[in-house]
Structures are given as C-alpha cells and as structure tokens.
Protein chains: 2
Amino acid sequence: MPVSDLTNSAQDYLKLIWTATEWSATPITVTVLAERMGVRPSTVSDSIKKLKDQGLLTHAPYGTIELTPAGSAHAVDMVRRHRLLETFLVQVLGYGWDEVHDEAEVLEHAVSDTMIERIDQRLGHPTRDPHGDPIPSADGQPHRPGAIQLCHAEPEGEVTVVRISDADPAMLRYFSDIGLTPDVKLTIQKQRPYTDATTITLSGQQKNVDLGQAASNAVWVTNS
Amino acid sequence: MPVSDLTNSAQDYLKLIWTATEWSATPITVTVLAERMGVRPSTVSDSIKKLKDQGLLTHAPYGTIELTPAGSAHAVDMVRRHRLLETFLVQVLGYGWDEVHDEAEVLEHAVSDTMIERIDQRLGHPTRDPHGDPIPSADGQPHRPGAIQLCHAEPEGEVTVVRISDADPAMLRYFSDIGLTPDVKLTIQKQRPYTDATTITLSGQQKNVDLGQAASNAVWVTNS
DNA sequence: CATCCAAGTTCGGCAAGACTAACATTGAAG
DNA sequence: CTTCAATGTTAGTCTTGCCGAACTTGGATG
Ligand SMILES: [Mn+2]
Ligand SMILES: [Mn+2]
Ligand SMILES: [Mn+2]
Ligand SMILES: [Mn+2]
C-alpha cells in the first residue's frame with residue numbers, strides 16, 4: 001500500500017504527527033495539529049478517526065495519538081519526499097532555503113516515486129536537507145537524538161548548529177543574514193530568562209547576537 | 001485571477017478544451033471531453049456548467065463549448081506549465097519522452113508560478129516540448145497552423161515531422177525505436193485506405209515502415 | 001472533593017467532484 | 001416528415017474535507 005493511496009490531507013497528518021516527535025518528546029495534541037494544519041479542532045477529530053479506521057494510528061477519545069508501524073512508514077516516506085524536494089529546489093533550481101518549504105509542502109503530494117528516486121540519484125543521495133534535517137533513506141532511517149533547542153542549552157563552551165526549523169521563512173532570511181546556518185559553530189554567552197533572550201557569538205566572529213524566544217526555539221544544537 | 005485559484009479539475013478542462021482545437025478545427029464535444037478526462041458525460045455536463053458560471057467558457061445546452069478570453073488565458077497558462085515541465089523532466093532529470101506526460105499532468109497543478117519561471121530560465125526559454133508541441137511564452141503565444149496528420153497527407157515528396165501526440169507512452173516508445181521524432185524528415189510512400197495503413201520512409205534510411213491508424217493519426221507533418 | 005474550563009468530540013450542513021439512472025434533444029436515415 | 005439512436009442533461013446519492021454549534025471529558029484549582 002504505497003503512500004500515494006492516501007489523500008493529501010492524510011499524508012500531511014501522518015507527516016506532522018511523525019515530525020512532532022522527531023526533535024522533542026512531547027506528544028502531539030489535537031489543538032496543535034489543528035494549528036499546524038490550518039484547520040479547526042473538530043476537523044482534526046474527524047480526520048484522526050478516519051486514519052484510525054485505516055489502521056494508521058491509535059487513538060482513544062481524549063487520549064494520545066500514536067502512529068502504528070504502517071502509519072509511521074507512510075510518514076517517513078512523506079518526510080523523505082519533503083526533504084529531498086527542498087534539497088532539489090535549492091541545489092538544482094537555485095531557491096533560497098527560506099523559499100523551499102511551502103513549495104515542497106505541495107510538491108510532496110504530486111511527484112511520483114520514480115521522480116523522487118531520480119531526484120535522489122541526481123543529488124547523489126543527500127542525507128540532510130537545507131535546514132539540517134536528516135533525509136530518511138528509501139527504507140526509513142530513525143531520527144537523530146541528542147540535539148537540544150538553543151533556548152535550553154547551557155552557556156558553556158562551543159556548540160554546533162544541527163538543524164533549524166523551516167517553519168518561518170522570514171526568520172530563515174534573518175539567520176542567513178547573520179550567518180547562522182546548519183553546521184555553524186557558536187558559543188552561548190548568556191540565557192536571560194525574563195527577557196526571553198539568548199546571547200550567542202558565532203565562532204570566528206567578534207560581536208554578540210541576541211536571539212528572542214522564537215529564534216532560539218527554532219535552532220537546535222549539540223555539544224559534539 | 002491567477003490559474004491557481006481554479007481547482008485541478010477546472011484547470012484540466014480548460015487545458016483540454018484549448019488543446020482540442022490546437023491542431024485540428026473540429027470543436028470539442030462532451031463525450032470526447034469525458035473520455036479524455038476519464039469521467040462520465042454527466043460529470044462533464046456538471047463541470048461545464050460551473051465553468052460557464054465562472055465566465056470561463058460559453059455553452060448553451062446541446063450547443064458547442066467555447067472558451068472566453070479569460071478561460072483561454074488560463075488554458076494557455078496550463079499548457080505552458082505542462083510543456084515546460086515535460087521539457088524539464090527530460091532535460092534535467094533524464095526522463096524518456098514517453099514517461100513525462102503523466103508526471104506533468106499531475107505536477108502542472110502543484111508547481112508555483114515562481115517554480116515555472118525558474119524552470120523556464122534554467123532551460124533557456126525553450127520553445128518546443130519533447131513531443132514537438134510549442135511552449136506558449138509567459139504572455140501567451142498563438143498555436144501553430146499548417147500541419148496535418150500523417151494519415152491525411154498526400155504521398156508526394158518529403159515532409160517534416162512537426163509534433164507527435166503525447167497521449168500514448170507505448171506508441172512513443174515505438175516511434176523512438178524506429179527513429180520517428182519531431183523534426184525528422186520522411187517520405188510518404190502510400191496511403192492504403194482499407195487497411196488503415198500509411199507507408200513511409202524515413203529520410204536517410206532504406207526500408208519502408210507501415211503505420212496503422214492510431215500511429216498515423218498521432219504524427220503531424222508539414223511540407224515546408 | 002466539588003467545581004469549572006480548556007481541550008476534545010459529535011453532529012448537521014455545505015461544496016466539490018464523482019457516479020447511476022432516467023429523461024431530453026438533435027439530426028440522420030428512411 | 002417521422003422515427004430513433006446517439007449525444008447530452010438532470011436529479012438524486014456518495015465521499016472527502018471542511019465548518020460552527022453544542023456537547024462531553026478530565027484534570028487543575030480552591
Ligand atoms: Mn503537504
Ligand atoms: Mn526542511
Ligand atoms: Mn492535469
Ligand atoms: Mn507534450
């Protein structure tokens with residue numbers, strides 16, 4: 001049962017549920033799902049019920065939502081499509097990293113398996129997308145642990161940027177401007193709880209930068 | 001009002017109605033439309049009514065279907081998308097000319113205007129797709145007159161292949177095998193009405209080839 | 001431990017796009 | 001000029017995906 005048997009909307013739900021727990025452990029809720037999908041909670045409730053009937057996830061009323069192995073496999077397939085497409089748009093069509101998410105969000109439902117494999121081949125089987133997110137292999141790689149959000153990191157020593165959330169294009173443009181991209185190293189100077197600011201210094205640069213709540217939430221770093 | 005405001009189905013109807021009169025003058029009928037869209041005639045009737053209400057075509061019950069200027073503009077936009085995508089798939093992703101039609105049929109609804117322009121740029125503003133069909137420019141070029149189907153051509157002198165219908169992938173593979181592609185020159189040896197065969201010789205080759213009804217219908221040639 | 005409210009669910013309805021079955025129109029053949 | 005078959009239309013129904021309104025649940029608060 002290939003991913004293409006599902007509706008676009010079902011594909012997006014599965015992808016969203018899977019990615020929700022890729023970088024953090026908090027389980028996904030109906031309300032968050034509704035926000036991310038741009039629909040009302042009642043719509044999500046209905047949709048979840050249908051996905052459950054199809055055996056793609058488990059869910060008791062008012063309970064937690066969890067993907068079955070079948071649902072997870074489809075989700076990984078969609079994540080692979082999304083990230084390969086983003087990479088393709090940057091590498092082959094000269095898109096900026098802030099422009100690719102919305103385009104990929106639509107294309108991921110339209111391209112054939114054949115096209116995805118040709119893109120993968122053309123790009124030399126890339127393992128990370130333009131935002132640093134891992135691209136699952138054709139069989140389905142697990143996700144990467146051990147990274148934390150900048151806003152939760154201790155101010156000691158140098159850390160490496162692992163990935164940056166691709167949700168907000170304007171924020172991505174700002175990160176480009178200041179040179180904050182995946183694989184860049186930086187030092188956390190200070191966490192300021194009440195101003196919701198994180199002060200950092202990019203390695204090799206002098207000046208400090210203050211990042212607000214949203215920004216320091218979007219950046220994931222690791223000590224290694 | 002950009003083409004993206006229309007549903008996929010509306011986009012396909014307009015494109016189909018426009019292309020129906022690109023190479024021949026016979027007006028499109030509900031039945032033919034139903035066949036090409038893969039739906040029932042009643043579905044077409046309903047859809048036509050909606051497109052009429054949107055001012056995209058004119059149609060009196062049991063009468064002919066004709067695009068308004070607005071409908072025609074959207075149709076040309078879709079044709080441009082379809083043919084640029086086909087060209088892109090061949091040139092950049094190494095598809096064969098028999099593989100691109102179905103992929104483009106889906107992608108044409110999913111890519112953004114931005115992506116289409118980037119593809120156009122990347123390809124150097126191509127003017128014909130892999131099947132020889134003209135690619136309308138961004139503002140909307142008229143179609144090419146003066147070509148006729150091989151089955152209707154007189155057996156005298158050399159003719160040039162202008163375009164080949166992309167509807168049947170298996171037929172396209174056969175044409176590849178025998179070297180019959182756009183811009184190739186050939187001589188028509190004989191039209192055999194009762195066997196529905198057309199005998200041709202590709203220029204620079206010795207042996208004759210018999211083409212059946214469907215094949216000689218799909219190939220459009222010109223004397224010039 | 002009773003209360004209350006945010007989170008979640010159910011229900012009825014709507015629009016798009018498809019179908020079948022039944023009906024209407026046209027025009028070609030007799 | 002009539003007939004009738006092919007072509008086209010209408011009416012009713014389904015499914016998917018969405019909505020708002022009304023209802024239920026369960027955990028935090030006092
Ligand atoms: Mn999507
Ligand atoms: Mn990404
Ligand atoms: Mn299409
Ligand atoms: Mn073509």
Side-chain angles (χ1 to χ4, degrees), chain A residues 1-17 20-21 26-67 71 74-75 78 105-106 108-110, chain B residues 1-17 20-21 24 26-67 71 74 78 105-106 108-110:
Chain A
M1 203 176 297
V3 73
S4 45
D5 290 345
L6 302 171
T7 64
N8 288 4
S9 149
Q11 290 173 355
D12 278 337
Y13 277 108
L14 296 176
K15 179 163 62 80
L16 229 47
I17 294 167
T21 53
T26 47
I28 189 79
T29 65
V30 169
T31 308
V32 170
L33 225 32
E35 272 162 19
R36 303 238 176 115
M37 288 288 292
V39 299
R40 298 282 158 189
S42 60
T43 305
V44 174
S45 259
D46 285 349
S47 306
I48 290 297
K49 208 179 303 164
K50 280 174 198 154
L51 292 169
K52 189 193 152 196
D53 291 346
Q54 292 175 75
L56 299 170
L57 50 78
T58 58
H59 174 63
Y62 303 98
T64 58
I65 299 162
E66 251 162 62
L67 296 177
H74 284 138
M78 289 312 297
E105 195 58 53
V106 179
E108 64 190 3
H109 311 289
Chain B
M1 197 175 300
V3 72
S4 45
D5 290 345
L6 302 170
T7 64
N8 287 6
S9 149
Q11 291 173 354
D12 278 338
Y13 277 108
L14 296 176
K15 179 163 61 81
L16 230 46
I17 294 166
T21 53
S24 79
T26 46
I28 188 80
T29 65
V30 169
T31 309
V32 169
L33 226 32
E35 273 163 18
R36 303 239 177 114
M37 288 289 292
V39 299
R40 298 283 160 188
S42 60
T43 306
V44 173
S45 260
D46 284 350
S47 306
I48 290 297
K49 210 178 304 165
K50 280 174 198 154
L51 292 169
K52 190 194 150 194
D53 292 346
Q54 292 175 77
L56 299 170
L57 49 78
T58 58
H59 175 61
Y62 301 100
T64 58
I65 298 162
E66 251 160 62
L67 296 177
H74 284 137
M78 290 311 297
E105 195 59 52
V106 180
E108 64 190 2
H109 312 289

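Computed from a predicted structure; not experimentally measured.
Comparing D:dT9, C:dT9, D:dC18 by their closest approach to the side chain of A:Pro61 singles out C:dT9. The side chain of A:Asp46 lies closest to D:dC19, out of D:dC19, C:dT9, C:dA18. If you check D:dG8, C:dA16, D:dT24 against the side chain of B:Thr7, the one that comes closest is C:dA16. Closest to the A:Ser45 side chain, of the nucleotides D:dT9, C:dT9, D:dG20, is C:dT9. Closest to the A:Ser42 side chain, of the nucleotides C:dA21, C:dC11, D:dT25, is C:dC11. Distance from the side chain of B:Arg40 is smallest to C:dC19 among D:dG8, D:dC18, C:dC19. Side chain of A:Tyr62, nearest nucleotide from D:dG26, D:dG17, C:dC19: D:dG26.
B:Thr31 comes within 4.0 angstrom of the backbone, heavy atoms only, and of no base. Within 4.0 Å (heavy atoms only), A:Thr29 reaches sugar-phosphate atoms of the nucleic acid but no base atom.
Taking atom NZ of residue B:Lys50 and atom C1' of nucleotide D:dT9, one finds them 14 Å apart after rounding to whole Å. Taking atom NZ on B:Lys49 and atom P on D:dA11, their separation rounds to 8 Å, with Å as the unit.
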**Report entry** Verdict with supporting geometry, B:Asp12 and B:Glu105, side chain to side chain contact (heavy atoms under 4.5 Å, CB included)
**Finding:** CA-CA 9 Å; B:Asp12 278 338; B:Glu105 195 59 52; 3.0 Å; yes
